[in-house]
Amino acid sequence: MNIFRLTGDLSHLAAIIILLLKIWKTRSCAGISGKSQILFALVFTTRYLDLFSSFISLYNTVMKVIYIMCAYATVYLIYGKFKATYDGNHDTFRVEFLLIPVVLLAVLINHAFAPMEILWTFSIYLESVAILPQLFMISKTGEAETITTHYLFFLGLYRTLYLFNWIWRFYFEGFFDLIAVVAGLVQTILYCDFFYLYITKVLKGKKLSLPA
Amino acid sequence: GDDDVPKDEL
């Protein structure tokens, strides 16, 4: 464990909690892409199947359980409890355009052609593009609630910190996973435009509205 | 493919 991975995980946890609290407190999922949240639930489900087969550390197990529970709770709030506030007209990204290439890539490019390894690879590739429906929805509505931008900031920050974690691990531990690094780079690059708007607008107290 | 890299990351 290193400081980049720990702060990255905590940033990820913060994002997940911020979103869950936003929906719960405002009793509304306006502006939130349910499709992205379903994809995140799928990412955690396919990546954390090893919860039952291998124990790495208490931290690892506890965080995985929290992520999975929060992901499904968020999906439930969006499509169940507060579905009346779900803005389906703007959450129209065709997720099959993400799932099909990700499945193909996971089958073709992986570390080992074994079920758990392919599921892990699928989850890594899917996570790198899972935010697209959310970013697409914001571009369609032309704006985002400030709390939603904080959610996106911490979500984008987490994988950015993981990039530094991988540099650290390569340098100090000789650990290197090309699949995770390339997918993590793609994931972080997708946030660049948002990061720019967040820093130049939201942090200056303005509302995030598009076109910039 | 390469041997399985340890999956200790979240």
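Lettering of chains follows the sequences in order, A, B, ..., and the numbering in each one begins at 1. Note that the structure is a prediction, hence the values are computed from the model and not measured.
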- Flag the one option from A:Met1, A:Lys64, A:Arg5 with the top tally of heavy-atom pairs under 4.5 Å to chain B.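 Greatest number of close heavy-atom pairs with chain B: A:Arg5.
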- Are A:Asp9 and A:Tyr158 close enough that a side-chain donor and a side-chain acceptor fall under 3.5 Å?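 There is no such pair between these side chains.
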- Any side-chain donor near an acceptor of the partner, A:His90 and A:Asp87, under 3.5 Å: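 A pair is found: one side chain offers a donor N or O, the other an acceptor, under 3.5 Å apart.
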- Message: When you measure from the side chain of A:Ser11 to the backbone of A:Gly8, do you find a donor-acceptor pair of N or O atoms at a distance under 3.5 Å?
- Response: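 Looks like no, no N/O pair under 3.5 Å.
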- Message: Check the orientation of A:Trp168 and A:Phe172. Use parallel for under 30°, tilted for 30 to 60°, and perpendicular for over 60°.
- Response: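 Tilted, since the angle between the ring planes falls between 30° and 60°.
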- Tell me, side chain or backbone of A:Phe44 under 4.5 Å from chain B's heavy atoms, or both, or neither?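 No part of A:Phe44 comes within 4.5 Å of chain B.
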- Portion of A:Tyr48 that has a non-hydrogen atom of chain B nearer than 4.5 angstrom: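 For A:Tyr48, the contact with chain B is made by the side chain alone.
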